[in-house]
Amino acid sequence: MTVSTMAERTEIRAMALELAHRELAPRAAALDAGDADILAECWRLLAELGLDRVLLDEQHGGAGLGVADLLASIEELAVGDGGVAMSVLLCNAALATLTDEQLADVPAGARWALVPAVCGAEVTLSGGQLDGRVACALGAHGADGLVMLLDGPAPAALALDANATGLTLERDLEQMGMRAAPAASMELARVACAPARDGSGDSAAALNVEGAMALLRAGTAAIARGITRRAHELALEYAHERRQGGVTIIEHDAVSHMLSAMAVRLAFRPELVAIDPAGLVIDRPQALAAKIAATDAAVASTTDAVQVFGGTGYMVETGVEKLMRDAKYCQLFPEPNWVAHDELMRPARGRDL
Amino acid sequence: MASITAERSLREQFPRLLPHGESVDVGELERLRSRTRRFADEHVRPRAHEIDRRTGKDPSWFDWDLVRAGGEQGMLGFLIPKPAGGTGGLATQAAIVMEELCAACPGIALVFGAHALGVAPLLLGGPSQWDGVLAELVASERAEQPLLMACAITEPEAGTDLEDPDLLARARVTSHARRVPGGFRLSGTKRFISNGSVARWITILMPTDPARAAQTWTCFLLDTRSEGFAVARVEHKMGQRACPAAELTFDEVFVPDERVVSREGDGAAATMIVLACSRPPVGAIATGIARGAYERLLAWLEEDRAAKGLLERQHVQLALASMEEEIHLARQLYMDAATELDHAALGGITSNPAVRALGHVPAGVRRRAPMHGWLASDRARDATVALLHHTTSERAVTRSLALSSMAKAHGGDVAMRVTGAALELVGLRAGAVRAELEKLWRDAKLTQIYEGTNQLNRLEVYRGLCRSETLSCLPPLHPNRHETEGGRS
């Protein structure tokens with residue numbers, strides 16, 4: 001990884017935002033409808049820009065950039081579509097855990113997904129094989145490869161082939177939000193897997209798992225902020241257009257104060273608290289805090305955005321209610337926020353909860 | 001499993017019902033609740049998920065079998081006056097039905113709720129409406145070929161502001177009912193009309209003079225088989241999908257004079273009264289949604305292996321207690337609003353001796369001239385309005401509307417909080433219960449929007465309770481009948 005300059009980061013942001021507005025936002029409805037061809041087309045565009053492997057070095061086809069650059073990119077992508085941004089996050093996080101040898105086998109443009117087996121997932125590792133199940137594994141359906149993160153007393157990051165024997169991936173048809181990160185119900189029966197980090201012992205693996213989890217949390221916070229921005233943009237625009245009682249609705253305190261609250265929530269920048277000044281290392285407790293704050297803000301702002309639109313916002317065609325559904329999934333991933341609060345307090349309470 | 005408050009009898013929960021036993025039969029309410037709960041458990045809950053999924057793909061798909069099943073259990077007639085063959089309920093009955101149905105499926109409940117909303121304006125027409133469409137609705141229900149109603153107010157450029165007399169005067173109303181010999185020609189577009197694509201009859205509000213929308217806002221009873229009426233599209237909604245929301249277009253649709261509900265220009269007042277009547281049930285819809293989420297969550301926590309140990313967590317216990325508390329308060333609020341409307345605001349009309357006496361006249365006699373001619377006359381309409389003024393007051397209706405608005409707004413917020421919190425406790429890990437909670441969360445959002453946004457409703461609370469204002473929510477005693485193009489027949 002390299003430390004990018006502020007100018008470079010600004011350029012990356014601008015590129016991602018331009019892509020979000022030009023390619024993703026117009027396709028958000030199709031992505032939400034689960035159109036696999038549209039997702040594949042979007043993924044091709046993302047891969048062309050190297051957004052699928054931001055953290056990898058040039059040797060592995062990556063841009064060799066830092067975590068701050070990745071978070072900045074996915075926040076901008078989330079302005080266009082939260083699910084696509086989630087797919088980018090999951091792929092980058094998964095690839096960042098692979099060994100050099102494993103990376104060498106990953107073709108350009110492949111979509112991988114990191115699957116955290118937390119919060120009720122029942123997965124066990126025995127003799128290099130995985131058993132169990134994971135519900136609603138975001139991004140897992142249609143992925144080319146998977147990295148399973150095992151939490152608990154023996155944390156591990158394990159790479160597995162999406163077509164491995166014993167692995168059943170069934171599309172989660174109930175997935176309410178983030179549909180461009182297609183979720184699957186995973187059933188694992190003696191699925192062969194390989195440790196993702198070369199030469200890592202338990203402690204190294206633990207770091208790896210915790211680091212990956214921190215990246216997921218900080219990334220989810222960034223996505224939530226992108227969704228919050230989009231909700232604010234759309235609501236503000238509509239408030240200037242829609243008239244009620246002879247004036248545009250922004251003239252009503254009831255609406256303008258909701259818009260103000262959205263703007264206040266945007267004053268919080270999750271990446272500023274979650275990443276060290278060099279933009280390389282994620283502060284784990286701060287990533288949890290950022291995830292909780294940013295996703296709660298996203299749910300509040302998107303709910304308000306639908307309220308500003310009124311009945312129109314409740315209709316799928318406006319794309320506003322989709323933001324609400326996507327935001328809700330941010331609140332639940334990689335763990336629900338009440339569990340994130342547990343995690344945040346674990347060191348202070350000195351025990352597992 | 002039901003929440004503790006839902007398990008208590010109505011007598012235990014709402015002692016206020018007792019002193020008014022003359023106008024409300026508490027035993028009848030208990031039976032209505034039991035019957036509705038049974039219908040919800042046997043017919044609604046098992047089909048809720050599948051219908052939501054189907055209508056998510058095809059918003060125009062509609063389950064008539066459920067309507068027929070509901071009709072058999074009286075879900076279509078609870079607001080229809082007894083002389084017309086219904087059970088003669090008002091807000092209390094509607095609210096009780098809605099909570100029970102919504103705990104199972106808010107979308108299916110809305111089919112019956114939107115039907116009741118379509119019926120509500122006809123109640124203000126008094127006895128003149130008993131033997132027309134209301135009787136037809138009852139007859140069709142008994143013949144197991146139920147007809148549905150809808151109420152059309154919202155327009156593309158005006159929604160919430162059509163539900164407030166002050167805002168209505170400045171609203172961008174684009175619809176128009178033009179007077180012609182023998183009736184009116186209706187033109188314009190109405191949006192987001194629940195049941196709009198499946199209703200046989202629609203009560204619709206339009207101005208007869210768009211430049212004076214508030215003064216000429218008029219309620220019409222429209223036959224959807226009329227020439228010039230069309231369903232332009234059925235909306236793809238976030239939730240409550242089992243009930244289609246349609247955009248309706250009216251191209252010079254003829255409505256005869258006898259299908260003007262109440263009198264020309266009485267529409268704004270009628271809207272206020274209808275909202276006072278319909279907002280407690282919306283509070284009940286929201287309460288039912290919250291209760292449905294709470295019950296599903298509790299069942300999952302108690303029974304599902306994936307939830308093992310969670311009930312031991314204090315966080316979970318506090319969350320459940322908070323949900324129980326919020327649901328309980330929301331129910332108290334909507335029942336308070338409903339009983340206020342039924343007893344203090346509008347109850348006097350149904351218990352009025354003259355109306356009761358008229359109700360005892362056989363329908364066959366009422367339908368023959370000269371009685372029919374009198375019931376359909378302007379004098380009868382004026383008499384109905386006079387009776388309204390005699391039995392209630394604008395202050396009583398304003399206060400009732402404010403309490404109803406409070407119940408609606410509070411309930412909507414509770415529904416969002418409880419469904420959101422339940423979903424967060426379950427997370428992405430559980431299968432069926434997660435899908436059910438996600439559906440309820442999507443369904444809940446609409447309760448903060450329809451029947452006026454929560455913001456507008458709270459402004460009604462401000463005016464009606466904080467400032468003790470009195471709104472013009474009764475039709476004028478002396479109508480300002482005016483001749484327009486074509487003259488009155």
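Residue numbers begin at 1 in each chain, while the letters A, B, ... track the order of the sequences.
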- [ ] Consider only side-chain N and O atoms of B:Glu438 and A:Gln175, and report whether a donor and an acceptor are under 3.5 Å apart.
- [x] no
Task: B:His49 versus A:Glu174, side-chain donor and acceptor atoms under 3.5 Å - done: yes
Best-contacting candidate, [options], against chain A by heavy atom pairs under 4.5 angstrom:
options	result
B:Thr453, B:Leu168, B:Leu425, B:Thr154	B:Leu425
B:Gly309, B:Ala421, B:Gly420	B:Gly420
B:Arg191, B:Arg458, B:Glu235	B:Glu235

Side-chain ([X]) to main-chain ([Y]) donor-acceptor, under 3.5 angstrom:
X	Y	answer
B:Glu424	A:Leu332	no
B:Lys445	A:Glu321	no
B:Arg170	A:Gly245	yes
A:Tyr314	B:Gly239	yes
A:Gln244	B:Ala171	no

TODO: Show the numbers, then the answer: is there a side chain to side chain contact (heavy atoms under 4.5 Å, CB included) between B:Ile449 and A:Phe309?
DONE: CA-CA 9 Å; B:Ile449 298 171; A:Phe309 273 78; over 6 Å; no
TODO: Could you tell me which portion of A:Thr312 (side chain, backbone, both or neither) has an atom closer than 4.5 angstrom to a non-hydrogen atom of chain B?
DONE: both
Please classify the contact between [X] and chain A as side chain, backbone, both or neither, with a heavy-atom cut-off of under 4.5 Å.
X	value
B:Leu423	both
B:His315	side chain
B:Leu456	neither
B:Pro156	backbone
B:Phe192	side chain

- [ ] Return the minimal non-hydrogen interatomic distance between B:Leu428 and A:Cys136, and the atom names on each side.
- [x] O-CB, 3.3 Å
- [ ] Might you point out which heavy atoms bring A:Pro336 and B:Gly427 nearest each other, and give the distance in Å?
- [x] CG-CA, 3.8 Å
Pick from [options]: which one has the most heavy-atom pairs with chain B under 4.5 Å?
options	value
A:Gly177, A:Pro334, A:Gly311	A:Gly311
A:Gln331, A:Glu122, A:Arg243, A:Arg242	A:Arg242
A:Asp172, A:Val134, A:Leu138	A:Asp172

Task: Presence of salt bridge, A:Glu317 and B:Lys237, under 4.0 angstrom - done: no
- [ ] Taking atom CD of B:Gln314 as the centre, report whether more than 12 heavy atoms of other residues, nucleotides or ligands fall under 6.0 Å from it.
- [x] no
Open item on the list: Other residues, nucleotides and ligands only: do more than 12 of their heavy atoms fall within 6.0 Å of CD on B:Glu50?
Closed with: yes
Task: Distance (rounded to the nearest 0.5 Å) between A:His252 NE2 and B:Leu167 CG - done: 6.5 Å
Open item on the list: Is there a side-chain contact between A:Gln307 and B:Gln448 in this structure, where contact means two heavy atoms from C-beta onward sitting under 4.5 Å apart?
Closed with: yes
- [ ] Using a 4.5 Å cut-off on heavy atoms from C-beta on, say whether the side chain of A:Met324 contacts that of B:Arg442.
- [x] no
